[in-house]
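One structure below.
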Amino acid sequence: MNTSEHRESAHPRARGTERSSARRAELITIGRRLFADTSYDALSMDDIARQAHVAKGLIYYYFQSKRGYYLAIVEDSVADLVTFAGSGRDLPAVERVHRTVDGYLRYAEHNQAAYRTIVSGGVGFDAEVHAIRDGVREAIVATIAEGAYGRAAIAPVARMGLLSWVCGVEGATLDWIDRPELSRDAMRELLVKTLGGALRAVEELDPAYPAPAAARRDG
């Protein structure tokens with residue numbers, strides 16, 4: 001047995017795992033395109049397999065069910081949003097906030113069906129979808145807190161003030177993708193302005209968390 005054959009025979013499981021991971025990732029990428037603007041109920045497994053040009057059994061093999069497939073797609077899509085929100089730490093605070101809000105709006109705009117599912121919590125009470133939504137909320141709160149206060153761990157009043165803003169952003173964004181009467185730039189500026197109000201309210205209730213200069217009316 002030559003050296004290359006020995007290497008191949010020594011790591012068959014690793015090669016299989018890599019191929020399996022790549023195939024799974026490919027199916028998720030396909031699914032993200034299919035579900036970008038199409039609701040969960042509007043696509044059957046037969047529809048998905050036909051449009052993805054794969055055997056239906058392959059999707060069941062990797063994801064066990066249609067719901068498992070959809071949750072994997074949503075989690076992968078949201079991971080991009082959370083990663084984006086947490087990046088740009090070297091940017092000035094104001095620029096980072098604008099970038100985070102703009103990225104959030106872009107995600108909602110280009111993944112409307114998934115965004116509606118996440119924010120509404122799925123059909124009825126779906127604990128897994130709620131967990132995804134809560135993770136996004138906490139990531140956005142942490143990003144804003146780091147920009148405003150220099151740390152993600154903040155007191156209850158500050159956290160609740162920022163969380164209230166995030167929940168308001170969710171509702172406003174849902175309405176915006178349904179009725180896009182404002183440009184994304186105008187929507188972003190409006191949400192950033194309302195964040196300034198939330199930061200000033202936090203300072204009034206807890207002076208240990210002063211609003212950044214950019215959030216002050218006289219700033």
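Residues: numbered from 1 along the sequence shown.
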Any side-chain heavy-atom pair of Leu105 and Trp176 under 4.5 Å = yes
Hey, are the side chains of Tyr107 and Val78 touching, using non-hydrogen atoms and a 4.5 Å cut-off?
-> yes
Between the main-chain N or O of Ala215 and the side-chain N or O of Arg200, is there a donor-acceptor pair closer than 3.5 Å?
-> yes
Test: Arg133 and Glu170 ion pair at under 4.0 Å = no
Determine, stepwise, if the pair Tyr115 / Tyr104 fulfils side-chain hydrogen bond (donor to acceptor under 3.5 Å, both in side chains).
-> CA-CA 10 Å; Tyr115 183 79; Tyr104 185 93; 2.7 Å; yes
Side chain to side chain contact (heavy atoms under 4.5 Å, CB included) between Val202 and Tyr149: does it pass, once the steps are laid out?
-> CA-CA 12 Å; Val202 168; Tyr149 309 120; 3.5 Å; yes
4.5 Å side-chain heavy-atom contact, Arg50 and Lys56 | no
Compare all side-chain heavy atoms of Met187 with those of Val101 and state whether any distance is below 4.5 angstrom.
-> no
Heavy-atom closest contact (Ala142 atom, Ala152 atom, distance) | CB-CB, 4.0 Å
Say whether, by atom type as modelled, one donor and one acceptor occur between the side chain of Lys66 and the main chain of Ile48 under 3.5 angstrom.
-> no
Assess whether side chain to side chain contact (heavy atoms under 4.5 Å, CB included) is satisfied between Met45 and Tyr60, documenting all intermediate values.
-> CA-CA 9 Å; Met45 283 293 276; Tyr60 281 116; 3.7 Å; yes
So, are Arg23 and Glu26 salt-bridged, with charged N and O less than 4.0 Å apart?
-> yes
List the steps and the verdict of side chain to side chain contact (heavy atoms under 4.5 Å, CB included) for Gln51 and Arg33.
-> CA-CA 10 Å; Gln51 294 188 48; Arg33 291 198 299 268; over 6 Å; no
Counting distance only, does the side-chain N/O of Glu203 pair as donor-acceptor with the main-chain N or O of Ala211 below 3.5 Å?
-> yes
Whether Gln112 side chain and Glu109 backbone form a donor-acceptor pair below 3.5 Å | yes
Beyond-backbone contact of Tyr69 with Leu27, side-chain heavy atoms, under 4.5 angstrom | yes
So do the side chains of Phe35 and Asn111 get within less than 4.5 Å of each other, counting heavy atoms only?
-> no
Electrostatic pair Asp102:Arg106 at N-O distance under 4.0 angstrom | yes
Hey, does the side chain of His98 reach the backbone of Val94 with a donor-acceptor pair shorter than 3.5 angstrom?
-> yes
Are there more than 12 heavy atoms of other residues, nucleotides or ligands under 6.0 Å from atom CZ of Arg151?
-> yes
Min side-chain heavy-atom separation Leu71-Ile132 under 4.5 Å = yes
Close side-chain approach of Val166 to Val136, heavy-atom, < 4.5 Å = no
Just one of Ile73, Leu43, Thr29 clears the side chain to side chain contact (heavy atoms under 4.5 Å, CB included) bar with Leu34, so which one?
-> Leu43
Kindly indicate, with the supporting measurements, whether the criterion side chain to side chain contact (heavy atoms under 4.5 Å, CB included) is fulfilled by Tyr70 and Ser65.
-> CA-CA 9 Å; Tyr70 188 65; Ser65 66; over 6 Å; no
Salt bridge present between Arg159 and Glu138 (N-O < 4.0 angstrom) = yes
